[in-house]
Amino acid sequence: MKEKHEIAHAIYSSLLTFVPIKTKTIRLQEDKLEVRVYYEALCIDSMRFFKYKLQPSMMSKGRLENTDLKLIPYGKVIKNEIEGRTQLDCQHGVAECELNALHACIIENYSIEDSFNLISCLMRGFNTNVDVVSNFFLKY
């Protein structure tokens, strides 16, 4: 049990040293630490967090296998009901809403390991053009 707490503390400490992203540590479950990361696909702070904190912590330090990682591409969204339909207005515009939806689709259809690798690649490469990103996935 002591080892789980040491791993949890190491992950928690390294993730929370950069504050602009909402990172919430929930609980230890089945020997894994649940970590939720709320981010925005076009937010420069989110991109930096993925590139300099999350990806190195999870992959380079081998923490992904001890973590129940939940990626939530939602960020700062205003939700409006217009004539019975829900409209989302993302902080960084329509392109961000589209990229957040693409990230959600990746998360829904791939394992967390594959999703994390793909999304980390997109975020650390500052790939923000939906057409370029979607063409990348058509190759697979």
Side-chain angles (χ1 to χ4, degrees):
M1 189 68 161
K2 183 180 178 187
E3 183 177 300
K4 282 195 283 189
H5 290 294
E6 289 172 0
I7 291 169
H9 178 70
I11 292 171
Y12 185 76
S13 296
S14 68
L15 290 177
L16 294 183
T17 56
F18 187 80
V19 181
I21 306 302
K22 277 188 176 177
T23 303
K24 187 175 181 182
T25 305
I26 307 298
R27 59 189 146 79
L28 289 173
Q29 178 183 345
E30 300 176 14
D31 296 333
K32 290 189 174 193
L33 178 68
E34 183 176 334
V35 176
R36 293 182 183 181
V37 178
Y38 294 82
Y39 68 96
E40 303 165 68
L42 288 181
C43 175
I44 194 70
D45 291 326
S46 294
M47 292 176 192
R48 287 181 182 141
F49 177 74
F50 266 82
K51 183 175 183 174
Y52 297 114
K53 295 293 182 182
L54 188 62
Q55 202 276 338
S57 177
M58 291 294 149
M59 301 309 288
S60 303
K61 295 184 179 178
R63 294 179 175 149
L64 186 60
E65 64 189 39
N66 296 309
T67 305
D68 181 15
L69 181 63
K70 307 284 189 211
L71 299 175
I72 300 124
Y74 190 72
K76 296 178 183 174
V77 174
I78 297 171
K79 197 174 181 181
N80 295 311
E81 292 291 328
I82 299 173
E83 297 179 10
R85 297 184 67 182
T86 301
Q87 177 181 331
L88 301 177
D89 293 318
C90 294
Q91 180 181 12
H92 299 100
V94 174
E96 181 172 73
C97 283
E98 291 173 350
L99 281 169
N100 285 346
L102 178 64
H103 287 208
C105 185
I106 291 168
I107 293 163
E108 186 176 317
N109 289 289
Y110 291 92
S111 69
I112 188 58
E113 292 83 6
D114 289 341
S115 295
F116 181 67
N117 285 328
L118 288 169
I119 291 169
S120 292
C121 180
L122 296 172
M123 296 294 281
R124 84 174 164 264
F126 301 94
N127 291 316
T128 59
N129 183 302
V130 174
D131 293 329
V132 171
V133 172
S134 60
N135 284 334
F136 172 80
F137 290 104
L138 290 176
K139 296 177 186 176
Y140 294 97

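FYI, side chains are in, hydrogens and waters are out, and symmetry mates aren't considered; it's all heavy atoms of this structure.
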Could you tell me which non-hydrogen atom of [X] sits nearest to which non-hydrogen atom of [Y], and how far apart they are?
X     : Y      : value
Leu64 : Glu113 : CD2-CG, 4.0 Å
Leu71 : Pro73  : O-CD, 3.6 Å
Glu96 : Cys43  : OE2-N, 3.6 Å
Ala41 : Met47  : O-CE, 3.2 Å

Check your understanding: Is atom CD1 of Ile82 surrounded by more than 12 heavy atoms (other residues, nucleotides or ligands) closer than 6.0 Å?
Key ->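 Result for CD1/Ile82: enclosed.
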
Check your understanding: More than 12 foreign heavy atoms under 6.0 Å from CD of Glu81: is that the case here?
Key ->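 Enclosed.
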
Practice item. Please lay out, stage by stage, how Met58 and Thr67 fare under the test side-chain contact (heavy atoms from CB on, under 4.5 Å). Key: CA-CA 8 Å; Met58 291 294 149; Thr67 305; 3.9 Å; yes

[atom2] on [Y] to [atom1] on [X], rounded to 0.5 Å:
X      : Y      : atom1 : atom2 : answer
Glu65  : Lys32  : CD    : NZ    : 8.0 Å
Asn109 : Asp114 : CG    : CG    : 11.5 Å
Asn100 : His92  : CG    : NE2   : 10.0 Å
Leu118 : Ile107 : CG    : CD1   : 10.5 Å
Leu102 : Leu122 : CG    : CG    : 7.0 Å
Asn66  : Arg63  : CG    : CZ    : 9.5 Å

If you group Ile, Leu, Val, Met, Phe, Trp and Tyr by side-chain heavy-atom gaps below 4.5 Å, do [X] and [Y] land in one group?
X      : Y      : value
Val37  : Ile44  : yes
Ile119 : Ile112 : yes
Ile72  : Val77  : yes

Practice item. Could you list the residues that satisfy side-chain hydrogen bond (donor to acceptor under 3.5 Å, both in side chains) with Gln91, not counting sequence neighbours? Key: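 Partners of Gln91 by the side-chain hydrogen bond (donor to acceptor under 3.5 Å, both in side chains) criterion come out as none, since no residue qualifies.
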
**Study point:** Qualifying disulfide (SG to SG under 2.5 Å) pairs, either residue in residues 58-95, two or more places apart
**Key:**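 Pairs touching residues 58-95 that pass the test: Cys90-Cys97.
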
Practice item. Test Asn117 against Met59 for side-chain contact (heavy atoms from CB on, under 4.5 Å), laying out the working first. Key: CA-CA 9 Å; Asn117 285 328; Met59 301 309 288; 3.4 Å; yes

Review point. Do Tyr39 and Phe50 have ring centroids that are under 6.0 Å from one another?
Key: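 Yes, the ring centres sit under 6.0 Å apart.
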
